[in-house]
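Shown next, in structure tokens, is the structure this report addresses.
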Protein chains: 2
Amino acid sequence: MEQDRVRAPNIRDVARLAGVSYQTVSRVLNDSPSIRPATKQRVLDVINEVGYRPNQAARALVTSRSRTIGVLSAQSSHYGPSTSISAIEIAAREAGYRLSITNISSGDYASIKSGLDYLLSQSVEAIIVMAPQVRVFDAIDDLMITVPFLTLESTGRDPRHSLSVDQVAGARLATRHLIDLGHTEILHISGPQDWIEADARMRGYLQELDEADLRTRAPVLGDWTAHFGYYAGLELLRFRDFTAVFCGNDQMALGLLHACREMGVDVPGDMSIVGFDDIPEAAHFFPPLTTVRQNFAEVGRRAISHILSELRGDEPTVHEQLTPELVVRESSGRLA
Amino acid sequence: MEQDRVRAPNIRDVARLAGVSYQTVSRVLNDSPSIRPATKQRVLDVINEVGYRPNQAARALVTSRSRTIGVLSAQSSHYGPSTSISAIEIAAREAGYRLSITNISSGDYASIKSGLDYLLSQSVEAIIVMAPQVRVFDAIDDLMITVPFLTLESTGRDPRHSLSVDQVAGARLATRHLIDLGHTEILHISGPQDWIEADARMRGYLQELDEADLRTRAPVLGDWTAHFGYYAGLELLRFRDFTAVFCGNDQMALGLLHACREMGVDVPGDMSIVGFDDIPEAAHFFPPLTTVRQNFAEVGRRAISHILSELRGDEPTVHEQLTPELVVRESSGRLA
DNA sequence: GCTCAGAATGTGACCGTACACATCCTCGAC
DNA sequence: GTCGAGGATGTGTACGGTCACATTCTGAGC
């Protein structure tokens, strides 16, 4: 406490103690070539001794380079986003960049905008947006963003600044799988309407049914949670006018599996269920879940690689969607 | 693109365009009281028009207040940490603070230290550490941290700077529950050795068995994943010399449930299983999992509240552990 | 019409760093 | 011994804000 309000040592303090000029200290910090090893060592010793730490704010101010990439994320506690963020962080670190992650709790325009605003005021050098709401694009337009940016979503809206796993293709894979198994009455429990992914998966489902000339039903609008899957399942299973369900994610599929057990519906004997995401737990559900795997880590890595190339001055290249993969396990089967 | 390399407008640009001094603009930004409404409006108009955004680096430099709280986190993709972070973020935002989240991928000393170093060089005003490795404490000591900090772990090592759910108590609750059900041969599948939580849960398990004068067995050292629980289960179940398992987390319990089904072991008839965390999915496992619930969100909220009071100048108060809660579902039962 | 308090606004300095440039040192070549 | 080249080191300035203080404006009270 007695030393508390004393200000942290700065570059000049270090210089004085080491008997050199502040510029020499600066050189040591940025390991500039022409500096005598003895001098360098002396400076480093002082730095360690006084616990000097360069002030990032000052550095960012003068260089206008923060070495930071901003990430705007919603629901970063979900498996997908958090896996991607993890991969982004690792890739960024390798390139010498840090992440500044901002979560927005609600998807309304104001909070998206204020999140982006905050990142920009941090002088981030690039922005990756993982907020899966459509309004994000409006906010990006409004804010006149000049730094490289990328949204990790698959709308066709701005292909030069988007990167993602092809959700529509994934949904079609899942639906096609059920059709191939002989199902004709296939339900879809989707995610919340305003999520881009939810919408894309729903579109994929509808397209595939349409092409197969099968009856499309209005999807059930869920909220991604296992609880929803469970309660929706209890309700839906009262009328067994369907034999397969494509769930918008694995959690809802889990809840639905639960409901099936309680209602005495055998999976996959009476009911086939397919999820989406392939969370690590899905392989251990009962029964192990057939689902669509998306490589979240790869998305993260590519995002950074695109950002870096833009940072080097390359033109933003066009959207390149990753292909998801169907993982067939035991929750789906041929219609008896 | 044509406007690309032009520098962002600063406070003086705004001042010039609004026909006032830069200080007046600064007053508008910090809504200082004595400013004529007309002037204020004029400045705000210009700000909007040119898309001016205050430079945080400059502001942090001069005020040495970043309005940012640093969070050091490991494995932030896990349910617990990410739930806490979410709560921390919300609470911090309400108090006008932002979060700077840094993930460390490995738990070694160097990366913990560099993570903390980074946060400190960002001039964060406080630090919350969620990295569950013991070495964190050494790093904190070494770095001569002068800002308020808090670790979200339950070691007794620094009670004035720790806050957490009582892991030992939680583990005892789980173990006691199994003992009460008549089990005498109880196994423990723990998390990785170097995780503080894993260690605490193991200690709680051992203590409770010890007090009940039951045989303690060497815990199986896992890695938190469902896969591990599954494969460990397949192995362990070859010798059925136990009737209950306390798992270090819910994921491993899920894997174990899976193994039980495959080996034809009925849960809870032949085998009782208890998890830890109460992830939202646990209620929908088969059977629904008995587990220990910890209120991660509450931990996050309290963390911020402690930090804020320290930031206001209060002395750090002593560690106050939250009590976890046993949630009995259907994976545990009386010994036949 | 003058005075004066208080509101409104402006000026200078500084935060900690990096860059551009100036200066000093060292040493080999003549 | 002098010179110059290039390595090593030092000095001024700018980055974009805020703070302390100075100055100007405004309107009420006499």
Side-chain angles (χ1 to χ4, degrees), chain A residues 5-44 46-47 50-68 96 117-118 120-125, chain B residues 5-44 46-47 50-68 96 117-118 120-125:
Chain A
R5 282 304 156 217
V6 82
R7 84 181 186 334
N10 66 21
I11 201 174
R12 286 166 212 259
D13 297 326
V14 172
R16 192 164 10 83
L17 290 171
V20 296
S21 77
Y22 56 84
Q23 178 56 16
T24 300
V25 177
S26 174
R27 290 201 177 89
V28 171
L29 293 173
N30 299 289
D31 28 42
S32 144
S34 54
I35 190 151
R36 202 177 315 177
T39 313
K40 180 170 184 172
Q41 193 51 52
R42 192 148 31 99
V43 171
L44 287 176
V46 174
I47 285 177
V50 301
Y52 165 78
R53 235 182 310 275
N55 181 317
Q56 290 292 87
R59 185 176 280 184
L61 177 59
V62 66
T63 60
S64 64
R65 299 199 57 195
S66 57
R67 303 244 87 192
T68 299
D117 240 336
Y118 172 71
L120 289 168
S121 72
Q122 301 272 82
S123 341
V124 296
E125 296 180 33
Chain B
R5 281 304 156 216
V6 82
R7 83 179 187 335
N10 65 23
I11 201 174
R12 286 164 214 258
D13 297 326
V14 173
R16 190 164 11 83
L17 290 171
V20 296
S21 75
Y22 55 82
Q23 178 56 18
T24 300
V25 178
S26 174
R27 289 202 178 88
V28 171
L29 293 173
N30 299 290
D31 24 45
S32 145
S34 54
I35 190 152
R36 202 176 312 178
T39 313
K40 180 169 184 172
Q41 194 52 50
R42 192 146 32 96
V43 171
L44 287 176
V46 174
I47 286 177
V50 301
Y52 165 78
R53 234 183 310 275
N55 180 318
Q56 290 291 76
R59 184 177 281 181
L61 178 58
V62 66
T63 60
S64 63
R65 299 199 57 196
S66 57
R67 302 244 84 189
T68 298
D117 240 335
Y118 172 71
L120 289 169
S121 71
Q122 302 272 82
S123 338
V124 296
E125 296 180 33

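Chain A is the first sequence line, chain B the second, and so forth, proteins listed ahead of strands; every chain is numbered from 1.
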Separation of atom CG in Leu29(A) from atom P in dC19(C), rounded to whole Å: 12 Å
Please list, one pair per line, the donor and acceptor atoms closer than 3.5 Å that link side chains of residues 19-31 of chain A to other protein atoms, with sequence neighbours excluded.
unit_1	atom_1	unit_2	atom_2	d
Ser21(A)	OG	Gln23(A)	N	3.4
Ser21(A)	OG	Thr24(A)	N	3.4
Ser21(A)	OG	Thr24(A)	OG1	3.3
Asn30(A)	ND2	Ser26(A)	O	2.8

Residue-phosphate contact under 4.0 Å: Asn30(A) side-chain N/O, dA18(C) OP1/OP2: yes
Rounded distance (Å) that lies between atom P of dA14(D) and atom CD1 of Ile11(B): 18 Å
Spatial distance of atom CD1 (Ile11(A)) from atom CD1 (Ile47(A)) [nearest 0.5 Å]: 8.0 Å
Sorted by number, the residues of residues 60-68 of chain B with heavy-atom contact under 4.0 Å to DNA chain D: Leu61(B), Val62(B), Thr63(B)
Side chain to side chain donor-acceptor pair (under 3.5 Å) contacts in which one or both residues fall within residues 50-61 of chain A, not counting sequence neighbours: Arg53(A)-Asp117(B)
Interatomic distance where CG belongs to Asn55(A) and P belongs to dT17(C) [whole Å]: 5 Å
Separation of atom CZ in Arg59(A) from atom C1' in dA14(D), rounded to whole Å: 17 Å
With sequence neighbours excluded, residues passing side chain to side chain contact (heavy atoms under 4.5 Å, CB included) with Arg16(B): Asp13(B)
Angle by which the axis turns from one end of the helix from dG1(C)-dC30(D) to dC30(C)-dG1(D) to the other, five pairs per end, to 10 degrees: 50°
Gln56(A) CD - dT17(C) C1' separation (whole Å): 11 Å
Test item: Ser66(B) side-chain N/O and Ser123(B) main-chain N/O as donor-acceptor pair under 3.5 Å: yes
Distance, rounded to the nearest Å, where Arg12(A) contributes CZ and dA18(C) contributes P: 11 Å
Pairs touching residues 32-44 of chain A that satisfy salt bridge (Lys or Arg N to Asp or Glu O under 4.0 Å), sequence neighbours left out: none
Shortest non-hydrogen contact from Ser121(A) toward Pro54(B): CB-O, 3.4 Å
Atom pair distance, as rounded to whole Å: CZ in Arg53(B) and C1' in dG17(D): 16 Å
Residues forming a side chain to side chain contact (heavy atoms under 4.5 Å, CB included) with Arg67(B), sequence neighbours excluded: Arg65(B), Tyr97(B), Glu125(B)
Protein-to-nucleotide contact annotation, 5' to 3' order, nucleotides 6-11 of chain C [B base; S sugar-phosphate only; - none; under 4.0 Å, heavy atom]: -SSBBB
